[in-house]
Number of protein chains: 2
Amino acid sequence: MRGFAKVAPMPASSLRATDEAPAKRPRGRPRKTVAERDDGNRRGELLRCAAKLFRRKGFDATSTRDIAAAVGMRSGSPFYHFKSKGALLFSVMQEGMQSAIARQQQALEAAQCNAPNIASRLRILIRNHFEILLGSGSDFIPVMLYEFRSIRAQQRRQLERLKDEYQQPWIPVLEALHASGQLKADVKLARLLIFGALNWSARWYDPRKAAGLDDLTEAAIDLFLGERI
Amino acid sequence: MRGFAKVAPMPASSLRATDEAPAKRPRGRPRKTVAERDDGNRRGELLRCAAKLFRRKGFDATSTRDIAAAVGMRSGSPFYHFKSKGALLFSVMQEGMQSAIARQQQALEAAQCNAPNIASRLRILIRNHFEILLGSGSDFIPVMLYEFRSIRAQQRRQLERLKDEYQQPWIPVLEALHASGQLKADVKLARLLIFGALNWSARWYDPRKAAGLDDLTEAAIDLFLGERI
DNA sequence: CCTACCGATCGGTAGG
DNA sequence: CCTACCGATCGGTAGG
C-alpha cells in the first residue's frame, strides 16, 4: 500500500492566464523520498497498473480514477502522461505486442543454434507464447486480446499489423509440418484454431494449480501433432 | 427502421400516491397497429437486441437507452421487463446456455440412430458447437463467452454449472479417443485447448468469407485427431 | 410502457 | 503532478 502525503489545500488565487501557451513542465512540489522519485518510471507504472485493472475489470469498468489511485496519483494526473484513456489502452496493447515480438525473436534465435527439427520449432513458439501470455506480470497481451472492441479502427489496424508480424514466423513452420504430413488440417484454419486454443488459456489458466507451462506446451503439441512427432 | 408515434406530452398532474403497493399491470394506452402488438414477445426482442449490442460494443459500452431504442422503446421501459441491466445480461447468458444444451442434446439423439464411431461423435459435437456459436442470429453464446467479467459471482456460478452441463457429453468422447490412442494429449488439458480453439472462432469467423461451418469442422477434426480417423 | 427526473460517476481540462 | 471543476451520460425510479 503506497500512501501519499496529505497536503492542506491552498487557497486558489483565481487569476486567469490570458496567454494560450500550453502548460510546460511541472514546477516544484514537495518531493517524496528519493527512493520514490524515479519520475521516468511513472509512465511505466501507469501502464502496468492500467493493464492489470483493464484485465481484471475491463476497460469501460475501470475509471481513470481507479488507475490513478493504483499508482498513488490524484484523479487528473494520468492525463499528464497520456492524452486520453483510450491512448493509455492503446499504449498497453502496442507495447505489449512490441515486447512479445521481441521476445519471440530472441527465443527463435536462441533455438537456431540447436538446429532443431521442425516440430520442436513449433514447440518453441508455443512455449514462448504461453510464457508471454501467462507468465508472471504479463497483463498486456490478455488486455490486447480481450479489449479489442474498445479501440478505434485506425489503432486497431496498427495492432493488426503487429499481430501479423508476430504470427509471421509461425506460418513457414505450419506449412512445413503440413508438407511433411505431421499437420493434416488446412494450414490457414489450423493457425486460427491453434491460436484460439493457446489464447483461450488466458481465460482459464491458474498458475497456482497443477499444470505448469511445460505441461501445457506438451499437451498442445500432443493435441496438434499427435504422436507423429 | 421501426418508428413509434410521437405523442404530445400531457401535463403531469403531480399527485403523489400514498399507498406503497408496487405498480401492478400497465394500463391502457393508445395501441399500435395489431401487427405490432404481440406484447408477449417484447421481452424476447429486448433479449435479442441486447445480445446483439452487448456482442458488438460490450456490456459497459451499451447503455440501456441504446437497447430501448433498438426495440423502439423509451429509455425507462426496459426496466419494466428486467429489474436491472445486469439482470438483462444474465438472462441473455442463461437462456443462451439453456438453448445450447437443448440443441446439443437433440444433435446427439439424432446421431444415436446412425450408430457412429467415436470419432464421428466428436465431429457431431464440434459441428453443433460451431452452429451454436456462429450460426445466424446467435449472439447469446458469444456474449456469454466475452462478458463473463460483467456478472456477479453468484450468477457466474450458475452459468458455470450450465457450462459444465454442456461440456458433460464431451468428456466420455474424449476419454474414449484417448484410450484408443486417437487423442494422445492429456484429456483435461485437451478439452480446455479444444474449447479454446472452437470458441475463439467467434472472434474471427466471417460468414461472408470462404470457409463454411463444415470446412471449419473438418479442419478442427484434422487438427485434433490428425489422420488417425 | 411513457414521462420526467434524480444522484452518481466519469473523462477530461484550466491553472498553477 | 495536484486542485477544483465542468458537461455529459448513465442506471434506475415514481407515478401514471
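With rounding to whole Å, A:Y80 atom OH is found 17 Å from C:dG12 atom C1'. For A:R152 and C:dG11, the CZ to C1' distance is 14 Å, given to the nearest whole Å. Between the C1' atom of C:dG12 and the CG atom of A:L88 lies a distance of 14 Å, rounded to the nearest Å. Note: CZ (A:F79) to C1' (C:dT13) measures 9 Å, nearest angstrom. The interatomic distance linking B:L89 (CG) with D:dG11 (P) rounds to 12 Å, in whole Å.
Across all non-hydrogen atoms, the minimal contact from B:V71 to B:E45 is CG1-O, 3.6 Å. Residues A:S138 and A:I132 share a closest heavy-atom pair of OG-O, 3.2 Å.
Under the Watson-Crick and G-U wobble criteria, each requiring two contacts below 3.5 Å, nucleotide C:dA4 is paired to D:dT13.
For A:W204 and B:F195, the ring centers sit 6.0 Å or farther from each other.
The nucleotide whose nearest atom lies closest to any side-chain atom of A:R74 is, among D:dA4, D:dC2, D:dT13, D:dC2.
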Which atoms of nucleotides 6-10 of chain D (N or O only) lie under 3.5 Å from a protein N or O atom, and what are those distances?
none

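Map B:G76 and A:S75 each onto its nearest nucleotide of DNA chain C; the residue landing nearer the 5' end is B:G76.
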Side chain to side chain contact (heavy atoms under 4.5 Å, CB included) for B:I151 and B:F59? Distances and angles first, verdict last. CA-CA 10 Å; B:I151 50 169; B:F59 176 72; over 6 Å; no
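For NZ of A:K52, the number of neighbouring non-hydrogen atoms (other residues, nucleotides, ligands) closer than 6.0 Å is 12 at most.
For the pair A:R152 and A:F90, the cation-pi criterion (under 6.0 Å, within 45° of the ring axis) is not fulfilled.
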